[in-house]
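Structure record follows, encoded as structure tokens.
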Protein chains: 2
Amino acid sequence: MRFGRRGFCKAWQGQIKDAGYRLTIPRQVILDVLANNTGHLSAEDIYLKVHKIYPQIGLTTIYRTLDLLVSVGVVLKSDFGDGRARFEIKIKDKTHHHHLICTKCSRVIDYTDFIDKELKLLAETKKGLSEKFDFEITGHLIQFYGVCKDCRS
Amino acid sequence: MRFGRRGFCKAWQGQIKDAGYRLTIPRQVILDVLANNTGHLSAEDIYLKVHKIYPQIGLTTIYRTLDLLVSVGVVLKSDFGDGRARFEIKIKDKTHHHHLICTKCSRVIDYTDFIDKELKLLAETKKGLSEKFDFEITGHLIQFYGVCKDCRS
DNA sequence: CTGGAAATGAAAATCATTTTCAATAAGGGG
DNA sequence: CCCCTTATTGAAAATGATTTTCATTTCCAG
């Protein structure tokens, strides 16, 4: 088992243990795969990659572990509208970003441009909405959809 | 069959015919149900309501008709993250709005507050993103998630 | 080392949505 | 106003992602 981003892995493993969960082989391998594939992976993508390293893995464990990692805050789960969830590990220091999604090929681009303005507006809106509607706002979603260069040619 | 919002219905029916589709009974009933229930209905919600008026309806027809209405631009389809799509009819003159979603009870509030600022920012961002990434941007999504008053008490 | 709780994996279940296909209905042309 | 072609419908089966069940295995605290 080759661990990339070893420094981060330690921290992530700590988060799992701190939350009272056991640090099992499947969890380590899944974490390793996520750490070394910064794209937006589906559960099946992750299954296939983990399977190469640890063939006895079950798809069920992938789903269960991803849930766990999301609940612990190590992984971000996104829905790009193509009927399957996508997962990406939260890398410390990586700027908060939003997604630009190609509706033809499902390619996803992380963008951080304009993020400051977006976040400022979101903060204001969040405040206004929670006061007006008496909501405890816990999150937001901003995504842009379109057709990428390749899919137009 | 009782048609509310009759004036609108005519226009909507026109959009269906203009697009080259037949104006069938099931389509009229579904349109009627959507016109008289301005909430955010799931396919099953719509099925149950249509069924009361037109019991021979099939769920398949609900799905197919909703697809059609979305493609013609009469209906807006949304995903609030609870595993089922929601549909609302587009009412002329109704201001563009975004959604505030309770993650406990799935209640959805349409809000128009701050919408102008949001839309202004979205327009700028859209321009910037499409230039930078060579994307033809066709849509966006903004949603806020939280816990409503009732679900907190 | 070892016992008991937590985690795993295979298989079956779920659930929204889609597909298939034979039967039915809309509406333009005669 | 009727007929014919073609779009539309509905029942049932299929799909595909995710979840549940349950017997087995693994972790790790004592």
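Throughout, a chain's letter reflects where its sequence line sits, starting with A, and its residues are numbered from 1. Both backbone and side-chain heavy atoms feed into the values below; hydrogens, waters and symmetry mates do not.
Looking at residues two or more places apart in sequence or on another chain, you find a side chain to side chain contact (heavy atoms under 4.5 Å, CB included) between A:Lys120 and A:Glu124. Applying the side chain to side chain donor-acceptor pair (under 3.5 Å) rule to A:Asp79 yields no partners; only residues at least two apart in sequence or on another chain are considered. Judged as a side chain to side chain donor-acceptor pair (under 3.5 Å), and not counting sequence neighbours, the contacts of A:Arg86 are A:Asp82. A:Val72 is linked by a side chain to side chain contact (heavy atoms under 4.5 Å, CB included) to A:Gln15, A:Ala19, A:Tyr21, A:Leu68, A:Val74, counting only residues two or more places apart in sequence or in another chain. Contacts of B:Tyr145 classified as side chain to side chain donor-acceptor pair (under 3.5 Å), with partners at least two apart in sequence or in another chain: B:Gln143. Residues meeting the side chain to side chain donor-acceptor pair (under 3.5 Å) test with B:Arg84, sequence neighbours left out: none. With sequence neighbours excluded, the residues that form a ring pair (Phe, Tyr, Trp, His ring centres under 6.0 Å) with B:Tyr47 are B:His51.
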Under 3.5 Å between N/O atoms: give me all the protein pairs with nucleotides 22-28 of chain D, atom names plus distance.
residue	atom	partner	partner atom	Å
D:dC27	O2	A:Arg22	NH1	3.0
D:dC27	O2	A:Arg22	NH2	3.4
D:dC28	OP1	A:Leu23	N	3.2

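The footprint of chain B on DNA chain C, defined by a heavy-atom cutoff below 4.0 Å, extends from C:dA16 to C:dG27.
Residue contacts shown for B:Tyr54 are limited to sugar-phosphate atoms, with no base heavy atom under 4.0 Å away. Within 4.0 Å (heavy atoms only), A:Gln56 reaches sugar-phosphate atoms of the nucleic acid but no base atom.
One can place CG of B:Leu59 at 14 Å from P of D:dT9, the figure rounded to the nearest angstrom. Note: CG (A:Leu41) to P (D:dA17) measures 15 Å, nearest angstrom.
Taking every heavy atom of both residues into account, B:Phe135 and A:Cys148 meet most closely at CE1-CB, 3.4 Å. Considering every non-hydrogen atom in both A:Tyr111 and A:Asp113, the closest pair reads CD1-O, 3.3 Å.
Residue whose closest nucleotide on DNA chain C sits further toward the 5' end, between B:Thr60 and A:Ile62: A:Ile62.
Using a 4.5 Å heavy-atom cutoff, the side chains of B:Glu88 and B:Asp110 are in contact.
Fit an axis to the five pairs at each end of the helix from C:dC1-D:dG30 to C:dG30-D:dC1 and the two axes sit 30° apart, to the nearest 10 degrees.
Regarding contacts with the backbone of D:dT19, every side-chain N or O of A:Tyr63 stays at 4.0 angstrom or more from both OP1 and OP2.
The hydrophobic cluster of B:Leu76 has no other members, since no ILVMFWY side-chain heavy atom comes under 4.5 Å of it.
Here CG of A:Asn37 is found 5.5 Å from CG of A:Leu41. Values are rounded to the nearest 0.5 Å. Rounded to the nearest 0.5 angstrom, B:Ile25 CD1 and B:Ile30 CD1 are separated by 11.5 Å.
Within residues 68-86 of chain A, no residue is approached by DNA chain C to less than 4.0 Å at the level of any non-hydrogen atom.
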